[in-house]
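Only this structure's heavy atoms are used, side chains among them; waters, hydrogens and symmetry mates stay out. Just so we're on the same page: letters track the sequence lines, and every chain starts at 1.
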There are 2 protein chains.
Amino acid sequence: MSDLLERLRERGWRMTSQRRVVAEVLNGDHVHLTADEVHARAAQRLPEISRATVYNALGELVSLGEVTEVSTDGRAKRYDPNAHHPHQHLVCSHCGTIRDVHPTGNPLADLPSEERFGFSVSEVEVTYRGLCPSCA
Amino acid sequence: MSDLLERLRERGWRMTSQRRVVAEVLNGDHVHLTADEVHARAAQRLPEISRATVYNALGELVSLGEVTEVSTDGRAKRYDPNAHHPHQHLVCSHCGTIRDVHPTGNPLADLPSEERFGFSVSEVEVTYRGLCPSCA
DNA sequence: ATCCTACGATGGACAGAATCCAAGTCAAGA
DNA sequence: TCTTGACTTGGATTCTGTCCATCGTAGGAT
């Protein structure tokens, strides 16, 4: 989890000032920012960075498997930099904030083969929904 | 599960020709249509139906608990008419088709209270992803 | 059967999220 | 330092969905 920049450089990701700033924003707090929030934070350091660039960089980081896209209902997608620790999400149905959670059990084992319809199932995503303390 | 129209009438849902057509579209195949697809199918029978009307009707059906909103990937939401049988979804990561599945186990029980962060957790949504037979 | 009226439908404007594109810029290898 | 292909830019565009003022009508009342 520690040095995203390091890993990206090792993987031959062409490093520009814009990409560096985006990666640094993600490498900071483990909150789940929207693309626009990433853009806003990046713009504090690099005022002229364009939205398109942020979208491009985020899309590439997702393809590289370094961050995960979390799409909550209809709202803007959020980007989760914690891609190297498997976890699930707990979403507030009112304000949309997301927390990482670590449920016990193995949901993959809960899907019997007769319920797989010939699919090669490779991942499971579990989303818990409810009201956070401040919205309750 | 069978007669959506019947139930809606019993529940006092004011029946207009537009609402009838929307309900009939949903009551048909158990595929998961987007709002736009519902609109397109409804328009085959009632050419002048407006998109706003379809959105309104879908929103009400969701509030009534008669259909479920499924947002798979940040693309358009899909509407699942199979709301009376609790189930989860199996999505093909390549072509996007969705199948209803019925896993065993109870994922809600898998989230210990120290992992709930004061949220009042009310629902769990499990999405299995993989390749369907034709995409594999 | 007809009338009333509150509720629903309409469609065009609007808004938020994300993508596209042509032109300009720059990282990094030679 | 030079070169070049990859990256960035920002405005236009697409896609999804909502809003609103106005018009129409379902269904109860008469």
Side-chain angles (χ1 to χ4, degrees), chain A residues 5-6 8-25 32-43 45-64 66-80 91 95-96 98, chain B residues 5-6 8-25 32-64 66-80 96:
Chain A
L5 274 292
E6 198 69 24
L8 291 170
R9 218 181 304 263
E10 278 169 16
R11 299 180 65 174
W13 203 48
R14 187 167 177 172
M15 192 55 68
T16 67
S17 51
Q18 293 85 353
R19 288 172 167 202
R20 181 177 299 108
V21 171
V22 169
E24 283 170 358
V25 166
H32 303 70
L33 302 171
T34 63
D36 234 42
E37 288 165 349
V38 172
H39 175 251
R41 298 199 181 192
R45 294 173 167 228
L46 199 63
E48 295 318 306
I49 192 172
S50 140
R51 269 191 186 67
T53 300
V54 172
Y55 276 104
N56 288 340
L58 288 172
E60 282 161 25
L61 290 172
V62 169
S63 309
L64 288 169
E66 294 289 349
V67 310
T68 310
E69 242 175 28
V70 184
S71 43
T72 63
D73 290 337
R75 307 167 188 260
K77 287 179 200 158
R78 289 171 181 276
Y79 293 86
D80 182 348
V91 182
C95 67
I98 302 178
Chain B
L5 275 293
E6 198 69 24
L8 291 170
R9 217 183 303 266
E10 278 169 14
R11 299 181 66 175
W13 202 49
R14 187 166 178 172
M15 192 57 67
T16 67
S17 51
Q18 293 84 352
R19 287 175 167 202
R20 181 177 298 107
V21 171
V22 169
E24 284 170 358
V25 167
H32 302 70
L33 302 171
T34 63
D36 238 40
E37 289 165 349
V38 172
H39 176 251
R41 298 199 180 192
Q44 289 174 1
R45 295 172 167 228
L46 198 65
E48 295 317 307
I49 191 171
S50 138
R51 290 194 322 126
T53 299
V54 172
Y55 275 103
N56 289 340
L58 289 173
E60 282 161 25
L61 291 172
V62 169
S63 309
L64 288 169
E66 295 288 349
V67 310
T68 310
E69 248 176 23
V70 185
S71 45
T72 51
D73 51 350
R75 317 269 323 160
K77 289 179 199 159
R78 289 172 181 275
Y79 293 86
D80 182 349

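Take A:A76 and apply the side chain to side chain contact (heavy atoms under 4.5 Å, CB included) test, not counting sequence neighbours, and it matches A:T34. Here A:R14 pairs with A:R19 under the side chain to side chain contact (heavy atoms under 4.5 Å, CB included) rule; sequence neighbours left out.
Atom CD1 in B:I49 sits roughly 16 Å away from atom P in C:dG12 (whole-Å rounding). What separates CG of A:L8 from C1' of C:dA27 is a distance of 16 Å, to the nearest Å. Put simply, CG on A:L46 is 12 Å from C1' on D:dT9, counting in whole angstrom units. Straight-line distance from the CD atom of A:E37 to the C1' atom of C:dA17: 13 Å, rounded to whole Å. Rounding to whole angstrom units, NE2 of residue A:H39 and C1' of D:dT8 are separated by 12 Å.
Helix bend of the helix from C:dA1-D:dT30 to C:dA30-D:dT1: the angle between its two end axes, each built from five pairs, comes to 30° after rounding to 10°.
What you find for A:I98 and A:H32 is that their closest heavy atoms are O-ND1, 3.7 Å.
For the atom pair CZ (A:R20) and CG (A:L8), the distance works out to 11.0 Å, reported to the nearest 0.5 Å.
Proximity of B:Q18 to the phosphate of C:dT10: a side-chain N or O atom is located under 4.0 Å from OP1 or OP2.
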Polar pairs (N or O, both sides) under 3.5 Å between protein and nucleotides 22-24 of chain C?
none

Nucleotide by nucleotide, nucleotides 24-30 of chain D touches protein heavy atoms under 4.0 Å in the pattern (B base, S sugar-phosphate only, - none) -BBS---

Whether each nucleotide of nucleotides 11-22 of chain D has a protein heavy atom under 4.0 Å at its base (B), only at its sugar-phosphate (S) or at neither (-) is summarised, 5' to 3', as -----SBBB---

